[in-house]
Amino acid sequence: QRFNKLLAKMSASLALLGKAVRGLVVMSEELDVMYTAFNNNQVPSTWSKVAYPSLKPLSSWFDDLIARVSFLRSWISDGRPKAYWI
């Protein structure tokens with residue numbers, strides 16, 4: 001459920017930011033902070049509030065997010081693994 005909230009927040013905010021950059025909507029302070037975070041390779045605060053804790057820069061954080069979502073999708077499609085490594 002945490003990943004679903006995060007992915008929904010990311011999708012909505014990126015769509016709105018894209019419209020703001022093109023000039024179709026007014027860029028709010030929240031979108032400006034997000035744009036600045038992207039330029040500084042930081043995870044936007046609006047995303048980090050609903051995401052898992054991480055100190056990684058945006059590029060590494062995004063790669064990690066893709067790996068985590070892919071891992072969970074494999075569990076959904078292939079079922080749980082027969083053995084767990086602890």
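Index from 1, following the sequence.
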Would you check if the side chain of [X] reaches a backbone N or O of [Y] as a donor-acceptor pair within less than 3.5 Å?
X	Y	result
Asp32	Ser28	no
Ser48	Ser45	yes
Ser60	Pro57	no

Check: [Y] and [X] side chains under 4.5 Å, non-hydrogen atoms:
X	Y	value
Pro44	Leu58	yes
Tyr35	Asn39	yes
Ser59	Asn41	yes
Gln42	Trp61	no
Val43	Lys56	no
Leu7	Leu65	yes
Met34	Thr46	yes

Pairwise distance CG(Leu6) to CD(Gln1) - rounded to 0.5 angstrom: 12.5 Å

Got a sec: does the CG of Leu55 have more than 12 other heavy atoms crowding it under 6.0 Å? no

Can you get from Leu72 to Val50 by hopping between Ile, Leu, Val, Met, Phe, Trp and Tyr side chains that sit under 4.5 Å apart? yes

Applying a strict under-4.5 Å side-chain criterion to I, L, V, M, F, W and Y, I'd like to know whether Trp75 and Phe3 cluster together. yes

Just checking, Arg68 and Tyr52: is the charged tip under 6.0 Å from the six-membered ring centre and within 45° of the axis? yes

Assess whether side-chain contact (heavy atoms from CB on, under 4.5 Å) is satisfied between Phe62 and Met10, documenting all intermediate values. CA-CA 11 Å; Phe62 193 74; Met10 289 174 66; 3.7 Å; yes

Closest non-hydrogen atom pair, Leu31 against Val26: CD1-O, 4.4 Å

Using every non-hydrogen atom in the two residues, find where Val25 and Leu16 come nearest and quote the distance to one decimal. CG2-O, 4.0 Å

Please determine whether side-chain contact (heavy atoms from CB on, under 4.5 Å) holds for the pair Phe38 and Leu14, giving the CA-CA distance in whole Å, both sets of side-chain angles, and the decisive distance to 0.1 Å. CA-CA 11 Å; Phe38 285 154; Leu14 285 172; 3.7 Å; yes

